[in-house]
Number of protein chains: 2
Amino acid sequence: MARDDRHLELDRQLCFALYAASRAIVRAYDPLLAPLGVTYPQYLALLVLWESDDISVGALGDRLALDSATLTPLLKRLEQQGLVARRRKPEDERVVLISLTARGRALRAKAREIPSELACRAGFDLEDPRAVARLEALREELADLARRLG
Amino acid sequence: MARDDRHLELDRQLCFALYAASRAIVRAYDPLLAPLGVTYPQYLALLVLWESDDISVGALGDRLALDSATLTPLLKRLEQQGLVARRRKPEDERVVLISLTARGRALRAKAREIPSELACRAGFDLEDPRAVARLEALREELADLARRLG
DNA sequence: TGCGATTAAATCGTGTGCAACTCAATCAGG
DNA sequence: CCTGATTGAGTTGCACACGATTTAATCGCA
C-alpha cells in the first residue's frame with residue numbers, strides 16, 4: 001500500500017471506532033428503554049428535562065447538540081406519550097417551553113437503574129475506582145474532541 | 001439530588017459524550033466529503049472496498065457492523081453514482097458481490113488527504129508521536145467498548 | 001412609529017439505522 | 001431425490017439527523 005494511503009486505513013480505525021461504538025451503545029440501551037416506551041434520543045431529552053424542567057426547545061437543543069428539525073418531531077412524540085407538555089412562552093411567543101408531565105417525572109424512577117445496568121453489561125465495575133476513573137477519562141477525551149470539532 | 005439519581009447525571013455525561021462526539025465527527029467529515037459526492041457512511045463503505053474489493057454485502061456489513069437493511073439502499077446509491085457495481089455470485093445466487101468501478105477506484109486519490117485534514121481540524125498533530133499514541137489508545141478503548149457491548 | 005434584520009420553531013427533503021418480515025437460493029437429513 | 005431448515009439480500013415501517021427553507025414574533029434603529 002502506498003505511503004499516502006496509510007491514513008485511509010488508520011483513520012478508518014479511529015473515526016469508525018467512534019461511529020461503531022456509538023451505535024453499539026444505542027443498541028445496548030434500546031432493550032433497557034423499551035419498558036419505558038422511549039428511544040435513546042428521547043431518553044437523552046428526558047435526562048435533560050429531569051435536571052432542568054420547563055426549558056425551551058432551543059436550550060434543550062444546546063444541551064444535546066440537536067436542532068429543532070430533530071427535536072420538534074421527537075418532542076411531539078414524547079407529547080403524544082403524555083410525558084411532556086409544550087406551550088408557548090407568554091413573554092415571547094416564538095419560544096416553546098417543554099415541561100414534564102406527572103407521568104414524565106414519574107418515569108425517572110424507572111430509569112434509575114438503567115445506567116448502572118448498562119455499565120455492568122459493558123463490563124465496568126462501578127465499585128472499582130480505577131474503572132470509574134477510566135470511564136471519566138474516556139468521557140473527557142470524547143467531550144474534548146467534540147468541542148474541538150464543534 | 002437523591003443518591004440513586006447520581007448515575008442519571010454521570011451516565012448522561014459518558015454515553016452522551018460518545019453520541020455527541022460521533023455526530024460531531026460525521027458533521028466535520030461531511031464538508032470534506034461533499035466534493036466527492038458521498039456521505040460519511042458511503043465513505044466508510046468505500047474505505048472497506050478500497051481495501052478489499054469485490055466482497056459480498058454480508059462481508060461488508062460484518063466490517064461496518066451494518067445489516068442489509070442499511071447497506072442495500074446505500075449501495076444502490078453508490079451504484080447510481082457509478083462508483084460501484086453489484087452482481088450476483090455465480091456459485092451462489094443468494095450472494096451479491098460489490099465491486100468498485102474505475103470511477104470508484106479513482107475516488108481514492110481524492111480521499112487521500114481527508115483523514116489528515118480532519119485530524120488537523122480536531123487539533124491533533126500527526127507529527128507528534130504522543131498525539132498519535134493518544135489517538136490510538138482512544139481508538140482501542142472505543143473498539144473494546146463496542147466489542148464488550150456487541 | 002414603522003420596517004428591515006434577527007431570532008425561535010417548524011417544515012421539507014434526503015440519507016441513514018434497525019427491527020421485523022419476505023423471498024429466493026442453498027443445504028441437509030431422511 | 002425431496003422437503004423442511006437455513007442463509008443472504010431485499011423490503012417495510014419508523015425514528016432519528018441535518019442542511020435548507022419557511023413562518024411568525026420580536027428587536028433595533030432611523
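FYI, side chains are in, hydrogens and waters are out, and symmetry mates aren't considered; it's all heavy atoms of this structure. Letters A, B, ... are given to chains in the order of the sequence lines, protein chains preceding strands, and every chain is numbered from 1.
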Would you compute the distance between atom [atom1] of [X] and atom [atom2] of [Y] and round it to the nearest 0.5 angstrom?
X      : Y      : atom1 : atom2 : answer
B:L118 : B:I25  : CG    : CD1   : 5.5 Å
A:R121 : B:L149 : CZ    : CG    : 9.5 Å
B:F16  : A:R139 : CZ    : CZ    : 12.0 Å
B:L107 : B:L36  : CG    : CG    : 4.5 Å
B:Y19  : A:L66  : OH    : CG    : 4.5 Å

Under 3.5 Å between N/O atoms: give me all the protein pairs with nucleotides 26-29 of chain D, atom names plus distance.
from   : atom 1 : to    : atom 2 : distance (Å)
D:dT26 : OP1    : A:E93 : N      : 3.2

Report task. Report yes if some heavy atom in the side chain of B:L97 is under 4.5 Å from a heavy atom in the side chain of B:R88; otherwise report no. Result -> no
Query raised in the report: Is there a side-chain contact between A:Y40 and A:R27 (heavy atoms, below 4.5 Å)?
Result: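 Of all side-chain heavy-atom pairs linking A:R27 with A:Y40, none is under 4.5 Å.
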Produce the list of close N/O pairs, under 3.5 Å, pairing protein atoms with atoms of nucleotides 11-19 of chain D; give distances to one decimal.
from   : atom 1 : to    : atom 2 : distance (Å)
D:dT11 : OP2    : B:K76 : NZ     : 2.8
D:dC16 : OP1    : A:T39 : OG1    : 2.7
D:dC16 : OP2    : A:Q42 : NE2    : 2.7
D:dC16 : OP2    : A:R77 : NE     : 2.6
D:dC16 : OP2    : A:R77 : NH2    : 3.0
D:dC16 : O5'    : A:R77 : NH2    : 2.9
D:dA17 : OP2    : B:Y19 : OH     : 2.4
D:dC18 : OP1    : B:R27 : NH1    : 2.5
D:dC18 : OP2    : B:R23 : NH1    : 3.0
D:dC18 : OP2    : B:R27 : NH1    : 3.3

Check the distance between [N]'s [atom2] and [X]'s [atom1] and give it to me in whole angstrom.
X     : N      : atom1 : atom2 : answer
B:Q80 : C:dT14 : CD    : C1'   : 13 Å
A:D62 : C:dA8  : CG    : C1'   : 11 Å
B:R88 : D:dG8  : CZ    : C1'   : 8 Å
A:R87 : C:dA9  : CZ    : P     : 13 Å
A:L64 : C:dA9  : CG    : P     : 13 Å

Report task. Look at A:R86 and C:dA10 and indicate whether a side-chain polar atom (N or O) is within less than 4.0 Å of OP1 or OP2. Result ->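 Result: yes.
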Query raised in the report: Between C:dA9 and A:S56, is there an OP1 or OP2 to side-chain N/O distance shorter than 4.0 Å?
Result: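 A:S56 to C:dA9 OP1/OP2: side-chain N or O found under 4.0 Å.
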Requested in this report: Using atom types as modelled and distance alone, determine if a side-chain donor or acceptor of B:R103 lies under 3.5 Å from a backbone N or O of B:G82.
Outcome: no
**Report entry** Members of residues 142-150 of chain A that approach DNA chain D, where some heavy atom sits under 4.0 Å away
**Finding:** none
Query raised in the report: Parallel, tilted or perpendicular: which describes the rings of B:Y43 and B:Y29, with under 30° parallel and over 60° perpendicular?
Result: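 Plane angle between 30° and 60°, so tilted.
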Query raised in the report: Are B:L145 and A:I114 connected in a single hydrophobic cluster, I mean Ile/Leu/Val/Met/Phe/Trp/Tyr linked by side-chain heavy atoms less than 4.5 Å apart?
Result: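 Same cluster.
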Report task. Salt-bridge test for A:K76 and A:E79: reply yes if a basic N is under 4.0 Å from a carboxylate O, no otherwise. Result ->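 Salt bridge flag = no for A:E79 with A:K76.
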